Amino acid sequence: MKKPFDQHADYQPATFKFKSKKKVEDILSRYPSGKERSAIMPLLDLAQRQVADEGAKAKKPYGGWIPRAAMDEIATIVGQPPIKVYEVATFYSMYNLAPVGKYLVQLCTTTPCWLCGSAQVVEAVEKFLKIHVGETTKDGLFTLVEVECLGACVNAPMIQVNDDYYEDLTAESVVQLLKDLKDGKKVSVGSQTGRKGSMALSGPTTLEDQAKKSGVA
Ligand code: FES
């Protein structure tokens with residue numbers, strides 16, 4: 001998956017501290033003594049979620065991202081040079097190294113999604129939010145990024161917003177989804193047409209008895 005944005009955040013807070021010492025200790029306790037650097041990835045995730053929690057309450061909201069001061073703090077915690085943390089954070093696309101909107105909208109445009117209409121989905125999203133891919137809305141609510149396959153091609157086209165997948169989208173349903181998020185309404189994750197799991201549009205074609213038993217058909 002490609003790294004979606006410019007890695008250079010204009011704004012960098014001078015310091016960062018984890019709010020929950022317990023959460024940090026819980027993560028460190030998963031790894032044997034001397035292997036603390038294995039905790040770099042979950043600590044980066046914890047930092048990003050802490051920033052997202054703060055951002056959700058801010059007057060102008062923002063989403064989860066990892067300031068350089070947080071990476072330096074993690075390096076201190078795991079006893080490694082900061083470059084070891086930077087290397088990990090800059091490699092994986094789930095770590096945002098620049099501020100993002102409260103809702104990070106990842107638009108999949110890889111071939112299966114494209115064949116099923118992702119171009120129309122992207123067009124509708126850009127038109128509704130009045131921004132282009134790579135930009136953030138002025139109210140701080142949405143950032144748009146284009147990503148490679150997110151592994152839900154069976155229910156293409158799809159997008160990811162923060163931790164959740166929204167599938168079987170159309171130009172109309174994706175706009176409705178964004179409107180509901182903007183209005184703070186509850187949204188249902190997964191298929192937007194009610195399809196269960198990854199069964200065919202016409203319903204299950206194999207393992208029908210099991211599908212009935214599990215209540216998906
Ligand atoms: S191509 Fe979009 S999820 Fe795989």
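Both counts, for ligands and for their atoms, begin at 1 and track the order of listing. These figures come from a predicted structure and were not determined experimentally.
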What's the verdict on side-chain hydrogen bond (donor to acceptor under 3.5 Å, both in side chains) for Glu146 and Thr109, showing C-alpha distance, side-chain angles and the deciding distance?
CA-CA 7 Å; Glu146 189 179 3; Thr109 55; 2.6 Å; yes

Run the numbers on Asp209 and Lys213 for salt bridge (Lys or Arg N to Asp or Glu O under 4.0 Å), then give the verdict.
CA-CA 6 Å; Asp209 289 346; Lys213 261 192 237 160; over 6 Å; no

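No hydrogens or angles considered: nothing links the side chains of Tyr166 and Asn155 as a donor-acceptor pair under 3.5 Å.
Between Phe16 and Val51 the shortest side-chain heavy-atom distance falls below 4.5 Å. At a threshold of 4.5 Å between non-hydrogen side-chain atoms, the residues Phe18 and Ile77 count as touching.
Sparse packing is recorded around CD of Glu123, with 12 or fewer heavy atoms of other residues, nucleotides or ligands lying under 6.0 Å away.
Here 2 is the count of protein N, O or S atoms positioned under 2.8 Å from atom 2 (Fe) of ligand 1, waters not counted.
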